[in-house]
Protein chains: 2
Amino acid sequence: MEASRTLAEVLERDARAAAVTVAERLFAELRDAIVRGDLAPGDKLVEPELARQFGVSRGPLREALQRLEARRLVERAPHVGARVAALSFERLIDLYHAREAVEGMACRLATERCSEGELDALEALLDAHAALEDVRDGTGYFQKEGDLDFHYRIARASRNALVTQLLCDDLYQLMRLYRYKFSAYRGRTPRALAEHRAIVAAMRERDADFAELLMRRHIAGARRNVEAARRRQRKAAGTEPSMHQEE
Amino acid sequence: MEASRTLAEVLERDARAAAVTVAERLFAELRDAIVRGDLAPGDKLVEPELARQFGVSRGPLREALQRLEARRLVERAPHVGARVAALSFERLIDLYHAREAVEGMACRLATERCSEGELDALEALLDAHAALEDVRDGTGYFQKEGDLDFHYRIARASRNALVTQLLCDDLYQLMRLYRYKFSAYRGRTPRALAEHRAIVAAMRERDADFAELLMRRHIAGARRNVEAARRRQRKAAGTEPSMHQEE
DNA sequence: CCGCGTCGGATTGTCGACAATCGCCGTGCG
DNA sequence: CGCACGGCGATTGTCGACAATCCGACGCGG
């Protein structure tokens, strides 16, 4: 039963299993710890401490930190050190704009290039999502990764290595980080599923323009949801620039 | 006289001057060497050799190599080593598709957000380009960086840190690498300038939809130029998958 | 009482050396 | 003659230690 495990988790497991080097394993461990929230945004990452904690030297650890910096999950400054990336509404909205552009293109390319079998698999994935939603309706844990699974597949179907890498390696990890900290998509689950179905329908008709348009509207809708949440929070808490609730 | 020096060169110089650490300096040096063609695509980058050549240890060198890998300028494999990124038509076309998406969005955001002064500066830049083109018409060296200067400014005017970083730090360095190795934009210079002017005109009217559309068509046109070159080469040389002419 | 300079501890950046792994080349066998 | 196997050199990955830099506390002067 592959459907019981989300694609994102499978990719995670693969990345950790294929860690032929200590630095790769550390990178995967730290990435998961950050996305999972085990390391909170803004936390200082002290090299000797982490090295002792993982039982390795500082060399591979620094390599892992640098890879996390490239993925924008940690921020580093020379002679100052590394911190888990700070979260803010502005950055999340920036991220949505970037996703709207790149995923729109991925959807266009996928529409032009993917096989009928891939479209069948996409529809099967959405059927599975719908079934899960019937069981545990509302904001189930499933939605967290299930939505990303759909976008993962679109990205990979684009047959564009650069676009796929941008989405799957860079932007999606950031999305997951924000999702764990900030669930601003309340009640959007059924609507998102319908939008996914419309996208696949356009792809099935090989209407690349329309498929890209639908994908962009899908992501722009999610972004507007976040923008509305930001306005609500600003009105509620006066001038609160950050979105850290805890501590 | 700031106009005599392209924005790209200024950014280069800044990056090297602000190198407070050995790893940063090495990164800038190697990046320039790769873009300049001093290190040819596919060249093996042996750590002890480079370290001795630059008079540093392998530690900072490895860090620089990793940063180059994140920028997709070198490819690394565990226990195998690093090589300068291989060039191919397929990757270049992938790059154009990614640029079309991200730069289109950058142009849209810039249209919505930039000031009138920034638009004035953009038009002044295009005037300078036109003047230079009158003097040294045809395919001047100027065009190489001048075109990117325009796109640099659009990216920065988007006020989106992620989009700006994607374009200026990641994709543009790759474009420069391909431009040095593969000048497939013969005779496009006057046309590109006209398209740039049309983009700024749409931005001046604050027509974000049209500005994005024009930017996307501008980049798509350049991409089709490359695709035509690929077809020509395929017809000429039978089945030549790579675009390395030398060696 | 507050601001500023200085000092000390801690952390990061860099270095050289050791161990693990890969590619190559010669050899032997089918 | 072709191919698989094993040894060997070279390269990469990892480690611990040293030096440079930054952050905080303390003391001093205004």
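For the numbers below, each heavy atom of this structure counts, side chains included, while hydrogens, waters and symmetry mates do not. Chain naming here is simple, since letters A, B, ... match the order of the sequence lines and numbering starts at 1 in each. All of these numbers come straight from a predicted model, not from anything done at the bench.
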Between which nucleotides of DNA chain D, read 5' to 3', does contact with chain B run, using atoms under 4.0 Å from its heavy atoms?
D/dT11 to D/dT14
Which residues satisfy the side chain to side chain donor-acceptor pair (under 3.5 Å) test with B/R159, sequence neighbours excluded?
B/E118
Closest-nucleotide ordering on DNA chain D, the 5'-leading residue of A/A23 and B/E49:
B/E49
In whole angstroms, how far is the P atom of C/dT11 from the CZ atom of A/R58?
10 Å
Looking at B/D43 and B/R83, is any side-chain nitrogen of the basic one under 4.0 Å from a carboxylate oxygen of the acidic one?
no
Using a 4.0 Å heavy-atom cut-off, does A/G59 contact any base of the nucleic acid, only the sugar-phosphate backbone, or nothing at all?
nothing
Distance, rounded to the nearest Å, where B/E47 contributes CD and C/dC22 contributes C1'
14 Å
Name the residue closer to the 5' end of DNA chain D, choosing between A/H79 and B/A82 according to the nucleotide with the nearest heavy atom.
B/A82
Quick one: do B/E227 and B/R223 make a salt bridge, cutoff under 4.0 Å?
yes
Under 4.0 angstrom, heavy atoms only, what part of the nucleic acid is B/L45 near: base, sugar-phosphate, or nothing?
sugar-phosphate
Between B/E75 and B/R91, does any NZ, NE, NH1 or NH2 come within less than 4.0 Å of an OD or OE carboxylate oxygen?
yes
From CG of A/L61 over to P of C/dT11, roughly how many Å is that when rounded to an integer?
13 Å
Flag this pair as yes if the NZ/CZ of B/R31 is under 6.0 angstrom from the six-membered ring centre of B/F27 and inside a 45 degree cone about the axis; otherwise no.
yes
Enumerate the residue pairs fulfilling salt bridge (charged side-chain N to carboxylate O under 4.0 Å, His left out) with a member in residues 52-61 of chain B, sequence neighbours excluded, ordered by first and then second residue.
B/E47-B/R58
